[in-house]
Amino acid sequence: MGLRTIYFITRNPHKVKEIRELAVDIGKGKGVSIQHLNYEYPELQLEEIEEVAIASANHIRRERGLEIKAPFFIEDSGLFIHALNGFPGPFSAFVFKKIGNEGILSLMAGKNGEERRAVFKTVIAFCQSASAEPRIFRGVVEGRIADSARGEGGFGFDPIFEYRGTTFAEMSTEEKNKISHRGRAFRELLNHLS
Ligand code: ITT
């Protein structure tokens, strides 16, 4: 049986690497092959990442609908820090660009224990076709903001996000995928497809 092609639209090569590994590890078994499309699309600054993901998918349906001949998905992710009332959340990309991990660590100076709790969230917006409304799949992982940046792997906030004592940047892609927000959201999508 041939594999069903699904497009993953993003400009972030690190996300592509993670989703590729997941697609090979578990997607194939479910009859799905993932192809990357590098489209530019405007990312609205909305209060909820669900809304951002839906707005992005709808933008692509409107602007690129005629070109896209297969089901597709985009995803929006964010880091939500407990002591900062969920900041940077939907503004994660902007905040990472402006102040980076060192900036987040400074904001967290003097915060201990429970105050360092944080969650990573991914919302996938999947469209069966350009004329279909997006369907949402979520993935969440709970962890904490490390006391200092550690590890060389991953990207973005990975060096400061600790899961059971290990930062995401200290994990291989395979280890991160098993428990990450993105891994969980992608498995939800695959379950829906099969
Ligand atoms: P696309 O919108 O093109 O997919 P992006 O990099 O703009 O790519 P997001 O808005 O979803 O993606 O990501 C927000 C930021 O959150 C991103 O720039 C990273 O710095 C960070 N981020 C997202 N997922 C992450 C992860 O798994 N590990 C560490 N940081 C992550």
Would the distance check show the side chain of [X] and the main-chain N or O of [Y] forming a donor-acceptor pair, the cut-off being under 3.5 Å?
X    : Y    : answer
R144 : I160 : no
T167 : Y163 : no
D158 : F155 : yes
R135 : I124 : no
R117 : G143 : no
R116 : K111 : yes
N101 : G156 : yes

With a 4.5 Å cut-off on side-chain heavy atoms, are [Y] and [X] touching?
X    : Y    : value
N177 : E174 : no
I54  : E133 : no
F186 : I19  : yes
E162 : I145 : no
N12  : V16  : no
L46  : P90  : no

Checklist entry - Could you go step by step and tell me if I99 and L107 meet the side-chain contact (heavy atoms from CB on, under 4.5 Å) rule? => result CA-CA 10 Å; I99 64 171; L107 291 174; 4.0 Å; yes
Atom of [X], atom of [Y] and distance for their closest heavy-atom approach:
X    : Y    : answer
G110 : E115 : O-OE1, 4.2 Å
R11  : P13  : O-CD, 3.2 Å
Q45  : F94  : OE1-CB, 4.2 Å
V140 : R184 : O-NH1, 2.9 Å
G78  : S92  : CA-OG, 3.4 Å
F137 : F126 : CE1-CB, 4.0 Å

Sequence-distant partners of [X], salt bridge (Lys or Arg N to Asp or Glu O under 4.0 Å), two or more places apart:
X    : answer
K121 : none
R64  : E67
E170 : R150

Item to check | Salt-bridge criterion met for E18 and K176 (N-O under 4.0 Å) | outcome: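 A salt bridge is present here (some side-chain N lies under 4.0 Å from a carboxylate O).
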Checklist entry - Less than 4.0 Å between a side-chain N and a carboxylate O, is that true for E50 and R138? => result yes
Nearest 0.5 angstrom please: [X] [atom1] to [Y] [atom2], how far?
X    : Y    : atom1 : atom2 : value
I6   : R4   : CD1   : CZ    : 5.5 Å
Y7   : K69  : OH    : NZ    : 9.5 Å
E47  : F91  : CD    : CZ    : 5.5 Å
H14  : T173 : NE2   : OG1   : 10.5 Å
L190 : I34  : CG    : CD1   : 6.5 Å

Checklist entry - In this structure, are over 12 heavy atoms from other groups packed under 6.0 Å from E51 atom CD? => result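 Yes, because the 6.0 Å sphere around CD of E51 holds more than 12 heavy atoms from other groups.
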Checklist entry - Y39: what forms a ring pair (Phe, Tyr, Trp, His ring centres under 6.0 Å) with it, not counting sequence neighbours? => result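 Ring pair (Phe, Tyr, Trp, His ring centres under 6.0 Å) check on Y39 returns nothing, list empty.
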Checklist entry - Do E75 and S77 have a side chain donor and acceptor closer than 3.5 Å? => result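 Yes, because at least one side-chain N or O of E75 sits under 3.5 Å from a partner of the opposite role on S77.
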Checklist entry - Listed by chain and number, what are the side chain to side chain donor-acceptor pair (under 3.5 Å) partners of S129, not counting sequence neighbours? => result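 With neighbours one apart ignored, the set is S131.
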Please tell me whether [X] and [Y] are part of a single hydrophobic cluster in this structure, the criterion being side-chain heavy atoms less than 4.5 Å apart.
X    : Y    : value
I49  : V141 : no
I81  : V119 : no
M171 : F157 : yes

Item to check | Derivation and outcome, side-chain contact (heavy atoms from CB on, under 4.5 Å), residues E43 and H59 | outcome: CA-CA 10 Å; E43 204 167 289; H59 177 89; over 6 Å; no
Next on the checklist: With side-chain contact (heavy atoms from CB on, under 4.5 Å) as the criterion, how do I9 and I68 come out once you've worked through the C-alpha distance, each side chain's angles and the decisive distance to 0.1 Å?
Outcome noted: CA-CA 11 Å; I9 301 178; I68 300 178; 3.9 Å; yes
Checklist entry - Would a line drawn from the ring center of F8 to the ring center of F73 be shorter than 6.0 Å? => result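 They qualify: ring centres under 6.0 Å apart.
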Checklist entry - Could you walk me through whether T10 and N38 pass the side-chain contact (heavy atoms from CB on, under 4.5 Å) check? => result CA-CA 6 Å; T10 177; N38 195 342; over 6 Å; no
Next on the checklist: Could you work out, with side-chain contact (heavy atoms from CB on, under 4.5 Å) as the rule, every residue matching N191, not counting sequence neighbours?
Outcome noted: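 Result, side-chain contact (heavy atoms from CB on, under 4.5 Å) vs N191: K30.
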Checklist entry - Do the ring planes of F168 and F120 sit parallel (below 30°), tilted (30 to 60°) or perpendicular (above 60°)? => result parallel
